[in-house]
Amino acid sequence: MNDNKFVTRKKTVFCLAMIFLFLLQNLLQQWYEPFSYLDEAFAFLFFPVFLFCLFKRKHPFVWNRETILFFLLLGVFWLFGWGGYFRYHYQPLANTAKDAYVNLKFFLACGVSYLLFFEETLDFSVLKKKLWPVLNGMTLFLFLLCLLDLCCGIFSTETRAGMRAVKLFYSDYTFLVGVCVFLCSIYLWYFEEKQKRIFLPLIALSFVMLCTRRVKSMGAVACIVLIFLLVFYKRQKINRKIMAAAFLVIAVAAAAAIYQIVSYYYTMGVGSARAVLTMGAPFLAFDHFPFGTGWGTYGSAFSTEPYSPVYGMYHMASVWGLSPSYHEFVSDTFWPMLLGECGYFGVAAYIGVLVLFARKVRNLRIRKGAYAAALLLFFYLLISSSSESAFANPIAVPFGFWIGFLLAEHKICERTKQEMIL
């Protein structure tokens, strides 16, 4: 019994510490640069933890056909990016290796979290009790700080549509939105125990997200509304006023998304880095068939130092946001990056990986709170993949951490049920 308490206490402290670090990583890295590698360092833990599990003869992974296919497709995707490097050598090995690793870190984070929390002696109910007040404290802090910023202008920011856009102490708006989505996901996990008590903090976090004046924040709020309707209230009669409000939120988010797509891909045309990267990717993939240009060469943060020759070859070096002197928008896409660097087969393999990963998430549906939490994170990454590097972003690692945690909890609960039946 004491061993159970020790394991629970140890894993609870670790869970709380990681959540704190993930929420504050962007702030900490502004103070001390090595903190920018926190997400990569956590993902790298997969390798020693996996070897430790093998040494201890723990077998948390079920090696069925679906799991084998998942790792096979992930390997195909990864190796096609390396194929472009060995064939063309557009970038140094260091850039290639860094980009190759970053594009795996979401799945590695899922894996390391799953392995760490796949512990039969871990009492998840105790962990939930310890996390609840901390979670509320974090949410209250962000909400009050947002109100103060709106009223007093504490942090530097910009104006959008005549209104102040809030980003608090984060270096970019996308980090604040990602953090709020992460906290919302944890609240959804509590739904079956807390019910309506999670509504107020979810509204507070939604308010903070919308204050960033970003389209992705509207998409995140729309996802929360949809998940509530489809997961928690699917077979219940819903008040017409609630349905009307939900429809309004979703309609506004859809209209904003359509406006952004038209603006970036049609109105701005070749003046938009995002549009240029998107339109150029199929040509790169065709000209460099079957591998693509290789890791670290196109649409990634590692394609600019040194500056990838691919941009000059396809007349993109003069585009604002992609030039050698100013390349702030070079990683504003995800799918074009994958298509350019890994080719058609690499992208097809990655889509297969995400389909199989979605099926893993779907296995959580018998536990609605965990299912809703994982769905929100997965959907948000898909939404954000239209305008940023998404699954290769720093925020992808805490998302992977939480999804892996949910999968581990589900597996332990299912195993416990089976043992009780037997």
Side-chain angles (χ1 to χ4, degrees), residues 7 11 42-82 100-101 103-122 124 185 189 227 230-231 338 342 345-379 381-382 385 390-392 396-397 399-422:
V7 169
K11 295 296 175 72
F42 177 81
F44 188 79
L45 286 176
F46 175 82
F47 301 105
V49 171
F50 182 69
L51 291 175
F52 178 80
C53 289
L54 289 180
F55 179 75
K56 290 290 186 178
R57 296 185 178 180
K58 293 182 179 180
H59 303 287
F61 289 119
V62 179
W63 294 102
N64 52 30
R65 283 189 297 179
E66 187 174 292
T67 303
I68 294 171
L69 181 60
F70 173 85
F71 283 106
L72 179 63
L73 289 175
L74 190 61
V76 169
F77 154 73
W78 197 63
L79 289 174
F80 263 78
W82 277 105
Y101 174 69
N103 278 279
L104 282 184
K105 67 180 182 180
F106 169 74
F107 301 104
L108 293 175
C110 288
V112 67
S113 183
Y114 179 84
L115 293 172
L116 287 172
F117 290 100
F118 189 84
E119 184 71 59
E120 294 180 357
T121 56
L122 174 59
F124 286 93
S185 173
W189 179 53
I227 287 169
L230 298 177
V231 177
L338 295 188
C342 304
F345 292 120
V347 169
Y350 195 84
I351 292 171
V353 167
L354 291 185
V355 169
L356 291 173
F357 189 82
R359 292 184 65 174
K360 292 287 185 184
V361 170
R362 191 171 179 270
N363 291 337
L364 298 172
R365 65 188 182 279
I366 60 173
R367 301 180 60 253
K368 292 184 177 181
Y371 183 44
L375 270 185
L376 174 61
L377 299 180
F378 188 65
F379 282 169
L381 284 173
L382 290 177
S385 69
F391 290 89
V397 168
F399 283 19
F401 163 80
W402 194 244
I403 292 176
F405 173 90
L406 296 171
L407 292 172
E409 182 201 24
H410 171 72
K411 203 69 177 179
I412 291 296
C413 291
E414 288 299 298
R415 179 173 290 187
T416 303
K417 285 181 181 179
Q418 291 177 0
E419 289 175 355
M420 290 176 64
I421 293 172
L422 294 174

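Model, not experiment: these values are computed from the prediction.
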**Student:** Measure the OH-CG distance between Y350 and L74 for me, rounded to the nearest 0.5 Å.
**Tutor:**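 Rounded to the nearest 0.5 Å, the OH-CG separation comes out at 8.0 Å.
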
**Student:** Taking all non-hydrogen atoms of both residues, which atom of V347 and which atom of L338 are closest, and how far apart?
**Tutor:**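 In this case the closest contact between V347 and L338 is CG2-C, 3.5 Å.
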
**Student:** With sequence neighbours excluded, what pairs up with R362 under the salt bridge (charged side-chain N to carboxylate O under 4.0 Å, His left out) test?
**Tutor:**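 Listed in chain order: nothing, the list is empty.
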
**Student:** Measuring from atom CG of L356 to atom CG of L69, what distance do you get when rounded to the nearest 0.5 angstrom?
**Tutor:**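 Here the interatomic distance stands at 5.0 Å.
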
**Student:** Could you tell me which non-hydrogen atom of A374 sits nearest to which non-hydrogen atom of V361, and how far apart they are?
**Tutor:**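 Residues A374 and V361, closest heavy atoms: CB-CG1, 3.7 Å.
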
**Student:** Between L382 and L354, does a side-chain contact (heavy atoms from CB on, under 4.5 Å) hold up when you go through it step by step?
**Tutor:** CA-CA 10 Å; L382 290 177; L354 291 185; 4.2 Å; yes

**Student:** Look up atom CG in N363 and atom CG in L407, then write down how far apart they are to the nearest 0.5 Å.
**Tutor:**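 Result: 8.5 Å between the selected atoms.
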
**Student:** Work out which heavy atom in I403 is nearest to a heavy atom in L377; give both atom names and the distance.
**Tutor:**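 In this case the closest contact between I403 and L377 is CG1-CD1, 3.8 Å.
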
**Student:** Decide if atom CZ of R365 counts as having more than 12 heavy atoms of other residues, nucleotides or ligands within a radius under 6.0 Å.
**Tutor:**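 Yes, enclosed.
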
**Student:** Kindly indicate whether the side chain of F357, heavy atoms from C-beta on, has any atom under 4.5 Å from the side chain of C110.
**Tutor:**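 F357 reaches C110 side chain to side chain.
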
**Student:** Would you name the heavy atoms of A100 and W78 that are closest together and state the gap between them?
**Tutor:**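 Reported closest heavy-atom pair: O-NE1, 3.0 Å.
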
**Student:** Evaluate the criterion side-chain contact (heavy atoms from CB on, under 4.5 Å) for residue pair I366 and H410; output intermediate values, then yes/no.
**Tutor:** CA-CA 9 Å; I366 60 173; H410 171 72; 3.7 Å; yes

**Student:** What residues, two or more places apart in sequence or in another chain, satisfy salt bridge (charged side-chain N to carboxylate O under 4.0 Å, His left out) together with K11?
**Tutor:**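 If we apply the salt bridge (charged side-chain N to carboxylate O under 4.0 Å, His left out) test to K11, skipping adjacent residues, the hits are E119.
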
**Student:** Indicate yes or no for a side-chain donor-acceptor contact from S113 to the backbone of F405 under 3.5 Å, with no hydrogens or angles considered.
**Tutor:**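 At least one qualifying donor-acceptor pair exists.
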
**Student:** Determine whether Y114 and K411 satisfy the following criterion, side-chain contact (heavy atoms from CB on, under 4.5 Å), listing intermediate values before the conclusion.
**Tutor:** CA-CA 9 Å; Y114 179 84; K411 203 69 177 179; 3.5 Å; yes

**Student:** May I ask you to test the E409-W189 pair for a side-chain heavy-atom distance under 4.5 Å?
**Tutor:**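 Heavy-atom side-chain distance check passes, below 4.5 Å.
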
**Student:** Could you work out, with side-chain contact (heavy atoms from CB on, under 4.5 Å) as the rule, every residue matching L108, not counting sequence neighbours?
**Tutor:**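 If we apply the side-chain contact (heavy atoms from CB on, under 4.5 Å) test to L108, skipping adjacent residues, the hits are A43, F46, F47, Y101, L104.
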
**Student:** Please give me the minimum heavy-atom distance between A396 and A390, naming the atom from each residue.
**Tutor:**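 Nearest heavy atoms, A396 then A390: CB-O, 3.5 Å.
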
**Student:** Hey, can you tell me if F42 and F401 have their rings parallel, tilted or perpendicular (30° and 60° cut-offs)?
**Tutor:**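 Perpendicular, since the angle between the ring planes exceeds 60°.
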
**Student:** Answer yes or no: are there more than 12 heavy-atom neighbours, outside F124 itself, under 6.0 Å from its atom CZ?
**Tutor:**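 Yes - once you tally the heavy atoms of other residues, nucleotides and ligands closer than 6.0 Å, there are more than 12.
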
**Student:** Can you sort out the partners of L376 under side-chain contact (heavy atoms from CB on, under 4.5 Å), two or more places apart, ordered by chain and number?
**Tutor:**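 Partners of L376 by the side-chain contact (heavy atoms from CB on, under 4.5 Å) criterion, ordered by chain and then number, come out as V181, C184, S185, L188, C223, I224, I227.
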
**Student:** Hey, does I412 have a side-chain heavy atom less than 4.5 Å from the side chain of L122?
**Tutor:**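 They are not in contact (no side-chain heavy atoms under 4.5 Å apart), so the answer is no.
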
**Student:** Closest approach of F77 and G346, non-hydrogen atoms and distance?
**Tutor:**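 Shortest heavy-atom contact: CD1-O, 3.6 Å.
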
**Student:** The criterion is ring-ring contact (aromatic ring centres under 6.0 Å, His included); which residues satisfy it with F391, sequence neighbours excluded?
**Tutor:**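 So F391 forms a ring-ring contact (aromatic ring centres under 6.0 Å, His included) with F106, F334.
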
**Student:** Could you list the residues that satisfy side-chain contact (heavy atoms from CB on, under 4.5 Å) with V76, not counting sequence neighbours?
**Tutor:**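 Partners of V76 under the side-chain contact (heavy atoms from CB on, under 4.5 Å) test: F80, A349.
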
